[in-house]
K.L.:
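My structure is below; once you've seen it, I'll send some questions.
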There are 2 protein chains.
Amino acid sequence: MAATSRGHRERIVYETAQHLRRSGVGGTGLRQVVADAGAPRGSLQHYFPGGKDQLVGEALDWAGTWAAQRVEEHVARMRRPTPARLFTAMTQDWARDLEARDHARGCPVAAAVVDCADTNPAVREAAASALETWRRPITAALVSMGRPRRRADALSTLMLCALEGAIVLARAQRDTAPLRLVARELAPVLDA
Amino acid sequence: MAATSRGHRERIVYETAQHLRRSGVGGTGLRQVVADAGAPRGSLQHYFPGGKDQLVGEALDWAGTWAAQRVEEHVARMRRPTPARLFTAMTQDWARDLEARDHARGCPVAAAVVDCADTNPAVREAAASALETWRRPITAALVSMGRPRRRADALSTLMLCALEGAIVLARAQRDTAPLRLVARELAPVLDA
DNA sequence: AACTCACTATGACAGTCGTCATAGTAGCGC
DNA sequence: GCGCTACTATGACGACTGTCATAGTGAGTT
């Protein structure tokens, strides 16, 4: 059935992303991924002939797209949008996720960068591309809030830096305080 | 000879930290570490009976202490110290390191968090402790610059968040621009 | 009916991993 | 000499890893 197999492929990509969030690239075993995805092992070489690199790449693509959608949802939902409010919404997303899952899962893109930036050019590029996919709607939103293009570009990068770092610190100390802190401290810069 | 073996032990710890920076915890093989350290393989079970966990833990300790020393060097060297100037010095350190090594090595603490926060409590705690070791002299410096204790605490956390995230983005896009950007954008908040 | 195609199943391969058991060496006190 | 201690050497173990070869299934087409 076409629908089922489509389901298998997508589930594998999704589950790969979740494993990346938990244990990084090196800690993610393909056999475990397909098992958790409820997919047959044979699907791996069928759908991902490029091997683990392809699979990780697609997982990062998926994650970037998902994050971008999330940004756009926030922007659409906000009545009086400001950059600081958007950033607060993003950090709240992450704080909630960390707390709900006992700080088990971080950002898959950061995991890929940390594990493969030096050893795996393909994965590194996929990570860079995912970050751009994520950053683009943020920049666009800031422009729509009246920021000049270049300013919006800088601020969206600043947001992602602070967010990624805060996730790392939060997971280390098992406390989402850093996420709330960066949202609070960056507000004046973002809304200036 | 006691001196040589001391040298072996220390070299192994150091080399472990460098491997963590490049490939994360999962990507760091102990055989390769001792080889690069020029140490005999037998030293592993002699000096680190606790296995890889102990070794990674000591590497994180070492890294935290090293980073803290570096902060204190910056503070001592600065004629007219301000929080923003300290942060700029830290980001410049990292930018130089990334450029000198072709963006090959990131932060070992971030690597440990990303790879093990969910699966290895001992390593997670070592990472959290290393971050505190790193943050402490920053906070102290900010206090000596006239910031109230609580404010200094918040600002030092903010610095580490922005720095860690900027390192990730910089390595992803192989460009140290994010490091310079966070230094520039955070300056008004830090020196306010 | 045969044939095609998308998908699944499974076993094997060579490699690496961390860990351990065991033995060996060198230096020092006595 | 002996024994003790610190350190080194090395091979093996079982448990993975990603990848591949090969065969099998089952629905759809002609």
Side-chain angles (χ1 to χ4, degrees), chain A residues 1-20 22-60 111-112 115-116 118-123 126, chain B residues 1-20 22-60 111-112 115-116 118-123 126:
Chain A
M1 214 164 147
T4 328
S5 45
R6 271 262 133 179
H8 281 165
R9 194 190 201 287
E10 282 171 10
R11 263 201 278 245
I12 291 174
V13 171
Y14 170 82
E15 205 63 43
T16 301
Q18 302 312 316
H19 271 76
L20 292 181
R22 259 183 264 137
S23 348
V25 178
T28 292
L30 265 34
R31 284 168 173 86
Q32 190 61 47
V33 166
V34 290
D36 291 355
R41 226 185 76 201
S43 296
L44 269 180
Q45 75 178 301
H46 183 72
Y47 290 117
F48 310 96
K52 192 178 188 178
D53 284 7
Q54 177 187 353
L55 184 48
V56 170
E58 294 203 25
L60 294 177
D115 279 357
C116 305
D118 183 39
T119 52
N120 197 325
V123 169
Chain B
M1 210 167 159
T4 328
S5 46
R6 273 261 132 179
H8 281 165
R9 194 189 202 287
E10 281 171 10
R11 262 201 279 247
I12 291 175
V13 172
Y14 170 82
E15 205 64 42
T16 301
Q18 302 311 316
H19 271 77
L20 291 181
R22 260 184 262 135
S23 345
V25 178
T28 292
L30 265 34
R31 286 168 174 85
Q32 190 63 45
V33 165
V34 290
D36 291 355
R41 225 185 77 198
S43 297
L44 269 181
Q45 75 179 301
H46 183 71
Y47 290 118
F48 309 97
K52 193 179 189 179
D53 284 8
Q54 179 188 352
L55 184 47
V56 170
E58 294 202 25
L60 294 177
D115 279 358
C116 307
D118 182 41
T119 53
N120 196 324
V123 169

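Lettering follows sequence order; numbering is per chain, from 1.
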K.L.:
Treating primed atoms plus P, OP1 and OP2 as sugar-phosphate and everything else as base, which nucleotides of nucleotides 20-25 of chain D get B, S or - for protein heavy atoms under 4.0 Å?
P.N.:
BB----
K.L.:
Measure the CD-CZ distance between A:E58 and A:R9 for me, rounded to the nearest 0.5 Å.
P.N.:
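Reported to 0.5 Å precision, the distance equals 4.0 Å.
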K.L.:
In whole Å, what is the span from the CZ atom of B:R9 to the P atom of D:dA6?
P.N.:
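From B:R9 CZ to D:dA6 P: 14 Å.
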K.L.:
What's the separation between atom CG in B:D36 and atom CZ in B:R31, rounded to the nearest 0.5 Å?
P.N.:
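Rounded to the nearest 0.5 Å, the CG-CZ separation comes to 14.0 Å.
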K.L.:
How many Å lie between NE2 on A:H8 and C1' on C:dA6, as a whole number?
P.N.:
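So the NE2-C1' distance, A:H8 to C:dA6, works out to 13 Å.
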K.L.:
If you compare all heavy atoms of A:A17 against all heavy atoms of A:A59, which two are closest, and at what distance to 0.1 Å?
P.N.:
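Smallest heavy-atom distance, with atoms named: N-CB, 3.8 Å.
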K.L.:
For the pair made of CG in A:L44 and P in C:dG11, what is the distance, rounded to whole Å?
P.N.:
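From A:L44 CG to C:dG11 P: 17 Å.
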K.L.:
Check salt bridge (charged side-chain N to carboxylate O under 4.0 Å, His left out) between B:E15 and all other residues, then give those that pass, not counting sequence neighbours.
P.N.:
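Partners of B:E15 by the salt bridge (charged side-chain N to carboxylate O under 4.0 Å, His left out) criterion come out as none, since no residue qualifies.
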K.L.:
Can you check nucleotides 14-18 of chain D for protein contacts, nitrogen or oxygen pairs under 3.5 Å, and list what you find?
P.N.:
from: D:dG18; atom 1: OP1; to: A:T28; atom 2: O; distance (Å): 3.0
from: D:dG18; atom 1: OP1; to: A:K52; atom 2: NZ; distance (Å): 3.0
from: D:dG18; atom 1: OP2; to: A:L30; atom 2: N; distance (Å): 2.9
from: D:dG18; atom 1: N7; to: A:R31; atom 2: NH1; distance (Å): 2.7
from: D:dG18; atom 1: O6; to: A:R31; atom 2: NH2; distance (Å): 3.0

K.L.:
Which pair of heavy atoms, one from B:L20 and one from B:T28, lies closest together, and at what distance?
P.N.:
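Closest approach of B:L20 to B:T28, heavy atoms only: N-OG1, 3.6 Å.
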K.L.:
For the atom pair CZ (A:F48) and CG (A:L30), what is the distance rounded to the nearest 0.5 Å?
P.N.:
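Interatomic distance, A:F48 CZ to A:L30 CG, rounded to 0.5 Å: 9.0 Å.
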K.L.:
Is a donor on one side and an acceptor on the other found under 3.5 Å between the side chain of B:D115 and the backbone of B:G24?
P.N.:
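Not a single qualifying donor-acceptor pair exists.
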K.L.:
How about A:Q54 and A:P49: do any of their side-chain heavy atoms sit closer than 4.5 Å?
P.N.:
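Yes, at least one pair of side-chain atoms sits under 4.5 Å.
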K.L.:
Whole Å only: how far is the NE2 atom of A:H46 from the P atom of C:dT10?
P.N.:
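Going from A:H46 (NE2) to C:dT10 (P), I get 17 Å.
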K.L.:
Examine D:dT8: is either OP1 or OP2 under 4.0 Å from a nitrogen or oxygen in the side chain of B:S43? Give yes or no.
P.N.:
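B:S43 to D:dT8 OP1/OP2: side-chain N or O found under 4.0 Å.
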